[in-house]
Amino acid sequence: MRFPTSTQKKGAVHILFLTVILTLAVIEDLKTDKVSNLFQLTAFCSGLLYGLCSYGPNELRKHIILLLVVFLAGQLLFWTKALGAGDIKLWMCSSLFMSRDDVFPFLVGALVLAIFIGYGKRVFRFRYYPGRVHFTVPMLGSLLWLIFSKV
């Protein structure tokens, strides 16, 4: 049996934090139809603090640059009406807990899952079809897919 290295332990902790944050976001989104700004601000600050404590200021600069890239990509998705502002803010918060290699596959996976969920709702015509897909659910599904595809 091999013990995990310190890098693997850090990776496991940030994935655990992100899973808890996205699970709480899904619960809040399904209950109230939106994720509050206070929740997203708390997640954002905890992501910044986690990055600072775990990786130090040099690595935190790389995460902030990644955050700006995610913001610009999110603006393009917002202007094309592909995602709402709350979904982009949650994606930005999630990107603080992810590596650079996982941020965009996470979004693509969430978009593909959202398409399948929306298409499934449309085809099977659920009685309580709300007319939209809560994007936090595909985000959590995409995160779980990323976790289990790397195991």
Side-chain angles (χ1 to χ4, degrees), residues 8-55 59-60 62-151:
Q8 290 171 334
K9 286 180 186 175
K10 285 181 187 175
V13 170
H14 77 79
I15 292 297
L16 178 66
F17 281 157
L18 184 56
T19 305
V20 168
I21 286 171
L22 284 180
T23 302
L24 291 173
V26 165
I27 291 168
E28 185 177 1
D29 192 19
L30 291 176
K31 280 186 172 182
T32 63
D33 246 5
K34 68 181 242 174
V35 180
S36 70
N37 287 332
L38 181 63
F39 179 83
Q40 292 185 14
L41 182 64
T42 305
F44 186 80
C45 290
S46 65
L48 283 176
L49 283 175
Y50 178 79
L52 184 62
C53 293
S54 297
Y55 303 111
E59 194 68 27
L60 186 64
K62 293 178 185 176
H63 279 289
I64 290 177
I65 290 170
L66 175 67
L67 188 67
L68 292 175
V69 170
V70 167
F71 175 75
L72 292 175
Q75 287 300 312
L76 290 174
L77 291 170
F78 179 72
W79 288 332
T80 60
K81 307 238 187 272
L83 289 178
D87 301 328
I88 293 167
K89 287 187 287 188
L90 193 60
W91 181 40
M92 288 173 58
C93 293
S94 301
S95 72
L96 288 171
F97 290 96
M98 293 183 172
S99 68
R100 291 180 295 258
D101 298 335
D102 291 338
V103 171
F104 287 101
F106 170 70
L107 177 68
V108 170
L111 289 172
V112 168
L113 278 172
I115 289 169
F116 281 120
I117 290 171
Y119 185 70
K121 282 183 170 184
R122 188 71 70 167
V123 167
F124 295 113
R125 301 200 189 273
F126 288 113
R127 176 176 291 204
Y128 302 106
Y129 177 65
R132 69 182 194 94
V133 176
H134 295 276
F135 196 67
T136 55
V137 176
M139 285 178 88
L140 181 61
S142 178
L143 176 68
L144 294 175
W145 173 73
L146 278 175
I147 291 171
F148 290 117
S149 67
K150 292 185 177 193
V151 173

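Please read these numbers as outputs of a predicted model, since none were measured by experiment.
Counting heavy atoms from C-beta outward, Ile117 and Pro138 have side chains that approach closer than 4.5 Å. Contact annotation: the side chain of Ile88 approaches that of Met92 to within less than 4.5 Å [non-hydrogen atoms, C-beta and beyond]. By the 4.5 Å heavy-atom criterion applied to side chains, Thr19 and Ile15 are counted as neighbours. Side-chain contact between Val35 and Lys89: absent, with no pair of heavy atoms (C-beta onward) separated by less than 4.5 Å. Residues Val69 and Val103 fail the side-chain proximity criterion, which asks for heavy atoms closer than 4.5 Å. The shortest side-chain heavy-atom distance between Leu111 and Leu83 falls under the 4.5 Å cut-off. Side-chain contact between Leu143 and Ser94: absent, with no pair of heavy atoms (C-beta onward) separated by less than 4.5 Å. Looking at heavy atoms from C-beta onward, Met139 lies out of side-chain contact with Leu113 at the 4.5 angstrom threshold.
With rounding to the nearest 0.5 angstrom, the CG atom of Leu140 is 12.0 Å from the CZ atom of Phe135. The structure places OG1 of Thr32 at 11.5 Å from CD1 of Ile27, a figure rounded to the nearest 0.5 Å. Here the straight-line distance linking atom CG of Leu107 with atom CG of Leu77 works out to 6.0 Å at 0.5 Å rounding. Distance check: Lys31 NZ to His134 NE2 gives 13.5 Å after rounding to the nearest 0.5 Å. Here the CZ atom belonging to Phe106 is positioned 5.0 Å from the CG atom belonging to Leu22, to the nearest 0.5 angstrom. Once rounded to the nearest 0.5 Å, the distance linking CG of Leu96 with CG of Leu52 reads 11.5 Å.
Nearest heavy-atom pair across Leu90 and Ala25 is CD2-CB, 4.0 Å. Minimum heavy-atom separation, Ala43 to Phe97: O-CE1, 3.9 Å. When all heavy atoms of Thr136 and Val26 are compared, the closest pair comes out as O-CG2, 3.3 Å.
Without hydrogens or angle criteria, Glu28 side chain to Ser36 main chain gives a donor-acceptor distance under 3.5 Å.
Under the ring pair (Phe, Tyr, Trp, His ring centres under 6.0 Å) rule, Trp91 has a single partner from Phe104, Phe78, Phe44, which is Phe104.
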